[in-house]
Amino acid sequence: MRKQIDEIAKKLQDAKKVAVLTGAGVSAESGVPTFRGQGGLWRNKDPMKLASIEGFLQNPKEVWEFYNWRRELISKVNFNPAHKAIAELEQKKDDFLLITQNVDGLHKLAGSKKVIEIHGSIWKVRCTECNNEFFDKRPNLGILPKCEKCGGLLRPGVVFFGESLDPVLLDKTIEFLKSCDFMMVVGTSSVVQPAASFSMVAKEAGATVVEINLEKTPYTSYMDYSIQGKAGEILPLIVERI
Ligand code: BJW
Ligand code: ZN
């Protein structure tokens with residue numbers, strides 16, 4: 001593994017335009033549960049009930065209970081060495097973009113600035129009637145929070161299944177990936193589209209693509225390098241070498 005890490009660090013050192021895509025595995029070592037895999041949220045919860053717009057409209061109370069529970073959990077945890085290493089990498093590279101599927105805000109807390117939260121933020125809420133959108137950092141927003149402007153039902157400011165990603169953020173992401181020369185994909189099961197195929201955009205552009213995950217994913221075989229290990233252990237080893 002050491003030889004692989006040395007090679008990855010060398011490629012990263014030489015790279016001019018660097019992208020990182022992260023998923024729930026990056027926050028796992030902070031104590032935030034992942035969705036799939038061992039201990040994952042979807043093991044005993046139905047994603048279509050809790051993270052789809054149909055599920056929300058059918059039972060907003062159940063969905064808000066789930067999101068309030070996660071908000072409370074996330075408000076008590078801190079960033080970990082994986083978040084820190086990514087923030088340090090941004091400092092070392094002029095042309096850098098972090099795309100995260102995570103809604104927990106831990107990358108920003110660790111100091112990342114050039115970050116796109118492609119699935120939204122758990123700290124954002126949006127009115128289902130007037131689209132009023134704002135940040136609310138209070139851990140628990142109660143059973144059915146209402147919009148101050150119009151009294152409409154508020155919803156979590158995240159991208160549910162079956163909803164489109166913000167087209168402006170998606171365009172910015174794809175444009176960057178089309179001309180990057182190095183991309184790391186960290187702690188994502190790579191099963192949720194379109195984020196799962198972002199690495200293929202970079203690969204087609206000629207970038208070196210690297211995956212760091214505890215397990216293999218559907219994209220592992222397309223990677224130039226694949227390291228099986230904890231993000232919080234592997235990322236600092238790579239970033240400290242450049
Ligand atoms: C570690 C670790 C450690 C653990 N170190 N690693 C094309 C084909 C088929 C379906 C579709 C398609 N295009 C779109 C769809 C539908 C759907 C989709 O992809 N479904 C698939 C499941 C089949 N996609 C959508 O609906 C998206 N919208 C869209 O594309 O709109 C247009 C459209 C709609 C419908 C049809 C066609 C087009 C929206 C997706 C929104 C995803 N939303 C969620 C919830 C967000 C809010 C919230 O967080 O509450 O986003 S679902 C959930 O999954 C969350 C995550 O961001 C996302 C990805 O999960 P992630 O991050 O990969 O986590 P895990 O748990 O899956 O994996 C963790 C990994 O970490 C594991 O691999 C571990 O091994 C690893 N790990 N510890 C390193 N210490
Ligand atoms: Zn409103």
Side-chain angles (χ1 to χ4, degrees), residues 21-43 45-56 63-64 66-71 73-74 80-83 85-86 99-106 117-134 145-167 169-170 184-199 210-220 226-236:
L21 170 70
T22 62
V26 160
S27 294
E29 289 160 70
S30 291
V32 182
T34 59
F35 297 94
R36 299 162 191 87
Q38 241 189 355
L41 290 169
W42 300 154
R43 283 254 155 151
K45 293 181 167 71
D46 180 353
M48 283 310 157
K49 275 193 183 157
L50 296 174
S52 76
I53 188 64
E54 293 82 13
F56 177 75
V63 174
W64 264 116
F66 174 61
Y67 277 89
N68 278 328
W69 169 73
R70 283 175 61 208
R71 286 168 69 101
L73 189 153
I74 294 165
N80 68 53
H83 299 105
I86 294 169
I99 307 116
T100 186
Q101 297 168 83
N102 300 344
V103 298
D104 54 33
L106 293 179
E117 293 177 323
I118 202 80
H119 289 164
S121 167
I122 202 163
W123 303 115
K124 258 200 270 178
V125 287
R126 186 163 75 247
C127 178
T128 55
E129 301 286 335
C130 74
N131 272 331
N132 174 28
E133 189 173 66
F134 57 97
K146 298 281 158 48
C147 173
E148 276 185 8
K149 278 194 180 162
C150 78
L153 177 65
L154 293 174
R155 57 160 284 177
V158 303
V159 182
F160 286 136
F161 276 121
E163 291 186 315
S164 298
L165 281 64
D166 181 328
L169 298 183
L170 195 53
M184 270 196 289
V185 182
V186 193
T188 174
S189 58
S190 289
V191 295
V192 175
Q193 298 293 352
S197 46
F198 286 168
S199 57
V210 177
E211 182 178 67
I212 299 168
N213 198 306
L214 289 182
E215 302 168 349
K216 290 193 170 161
T217 76
Y219 288 82
T220 303
S226 163
I227 298 197
Q228 263 140 57
K230 286 188 170 182
E233 291 171 7
I234 307 294
L235 278 173

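Note that the numbering runs from 1 along the sequence shown for the chain. Order of listing sets the numbers, starting from 1, for every ligand and every atom in it. These numbers were taken from a predicted model, which means no experiment stands behind them.
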Relative to ligand 1, is [X] under 4.0 angstrom through side chain, backbone, both or neither, heavy atoms considered?
{"X": "Leu214", "answer": "both"}
{"X": "Glu163", "answer": "backbone"}
{"X": "Val191", "answer": "backbone"}

Using a 4.0 Å cutoff against the non-hydrogen atoms of [X], which atoms of ligand 1 qualify?
{"X": "Lys230", "value": "5 (N)"}
{"X": "Ala24", "value": "61 (P), 62 (O), 64 (O)"}
{"X": "Gln101", "value": "57 (O), 59 (C)"}
{"X": "Ala28", "value": "78 (N)"}
{"X": "Tyr67", "value": "47 (C), 48 (C), 50 (O)"}
{"X": "Gly187", "value": "6 (N), 69 (C), 70 (C), 71 (O)"}
{"X": "Pro194", "value": "30 (O)"}
{"X": "Gly23", "value": "62 (O)"}

List the atom of [X], the atom of [Y], and the distance in Å for their closest heavy-atom pair.
{"X": "Gln228", "Y": "Leu214", "result": "CG-O, 3.5 Å"}
{"X": "Gly152", "Y": "Cys127", "result": "CA-SG, 4.1 Å"}
{"X": "Ser190", "Y": "Val185", "result": "OG-CG1, 4.3 Å"}
{"X": "Thr220", "Y": "Ser226", "result": "CG2-OG, 3.3 Å"}
{"X": "Val158", "Y": "Ser121", "result": "CG1-O, 3.7 Å"}
{"X": "Tyr219", "Y": "Ala196", "result": "CZ-O, 3.4 Å"}

Check: [X] side chain, [Y] main-chain N or O, donor-acceptor pair, under 3.5 Å:
{"X": "Glu29", "Y": "Asn80", "value": "no"}
{"X": "Asn213", "Y": "Thr188", "value": "yes"}
{"X": "Ser30", "Y": "Val32", "value": "no"}
{"X": "Arg36", "Y": "Trp42", "value": "no"}

Would you compute the distance between atom [atom1] of [X] and atom [atom2] of [Y] and round it to the nearest 0.5 angstrom?
{"X": "Glu163", "Y": "Glu54", "atom1": "CD", "atom2": "CD", "answer": "8.5 Å"}
{"X": "His83", "Y": "Ser27", "atom1": "NE2", "atom2": "OG", "answer": "3.0 Å"}
{"X": "Leu73", "Y": "Asp104", "atom1": "CG", "atom2": "CG", "answer": "10.0 Å"}
{"X": "Tyr67", "Y": "Trp64", "atom1": "OH", "atom2": "CH2", "answer": "9.0 Å"}

Is any heavy atom of the protein nearer than 4.0 Å to [atom]?
{"atom": "atom 55 (C) of ligand 1", "result": "yes"}
{"atom": "atom 41 (C) of ligand 1", "result": "yes"}
{"atom": "atom 9 (C) of ligand 1", "result": "no"}
{"atom": "atom 33 (C) of ligand 1", "result": "no"}
{"atom": "atom 38 (C) of ligand 1", "result": "no"}
{"atom": "atom 70 (C) of ligand 1", "result": "yes"}

Legend entry - Side chains of Phe198 and Ile99 in contact at under 4.5 Å (non-hydrogen atoms): yes
Got the closest protein heavy atom to [atom], with its distance?
{"atom": "atom 5 (N) of ligand 1", "value": "Ala231 N, 2.9 Å"}
{"atom": "atom 35 (C) of ligand 1", "value": "Gly162 CA, 4.2 Å"}
{"atom": "atom 14 (C) of ligand 1", "value": "Gln193 CB, 4.0 Å"}
{"atom": "atom 49 (O) of ligand 1", "value": "Arg70 NH2, 2.9 Å"}
{"atom": "atom 75 (O) of ligand 1", "value": "Asn213 OD1, 2.6 Å"}
{"atom": "atom 57 (O) of ligand 1", "value": "His119 ND1, 2.8 Å"}
{"atom": "atom 60 (O) of ligand 1", "value": "Arg36 NH1, 3.1 Å"}
{"atom": "atom 77 (N) of ligand 1", "value": "Gly25 CA, 3.5 Å"}

Inset, instruction - Would you indicate which of Ala195, Gly229, Ser189, Ala51 comes nearest to atom 67 (O) of ligand 1 when only heavy atoms are counted? - result: Ser189
Legend entry - Identity of the nearest option to atom 44 (C) of ligand 1, non-hydrogen atoms only, from Val186, Val159, Val192: Val159
Inset, instruction - State if Asp104 counts as touching ligand 1 under the rule of any non-hydrogen atom under 4.0 Å. - result: no
Inset, instruction - Take the Zn ion (ligand 2) as the vertex and measure to SG of Cys147 and SG of Cys130; round to 10°. - result: 110°
Legend entry - Metal-centred angle, the Zn ion (ligand 2) as apex - SG of Cys127, SG of Cys150, 10° resolution: 100°
Inset, instruction - Take Gln101 and Leu21 through the side chain to side chain contact (heavy atoms under 4.5 Å, CB included) test and state the conclusion after the steps. - result: CA-CA 8 Å; Gln101 297 168 83; Leu21 170 70; 4.2 Å; yes
Inset, instruction - Starting from the C-alpha separation in whole Å, work towards a yes-or-no answer on side chain to side chain contact (heavy atoms under 4.5 Å, CB included) for Leu165 and His119. - result: CA-CA 7 Å; Leu165 281 64; His119 289 164; 4.2 Å; yes
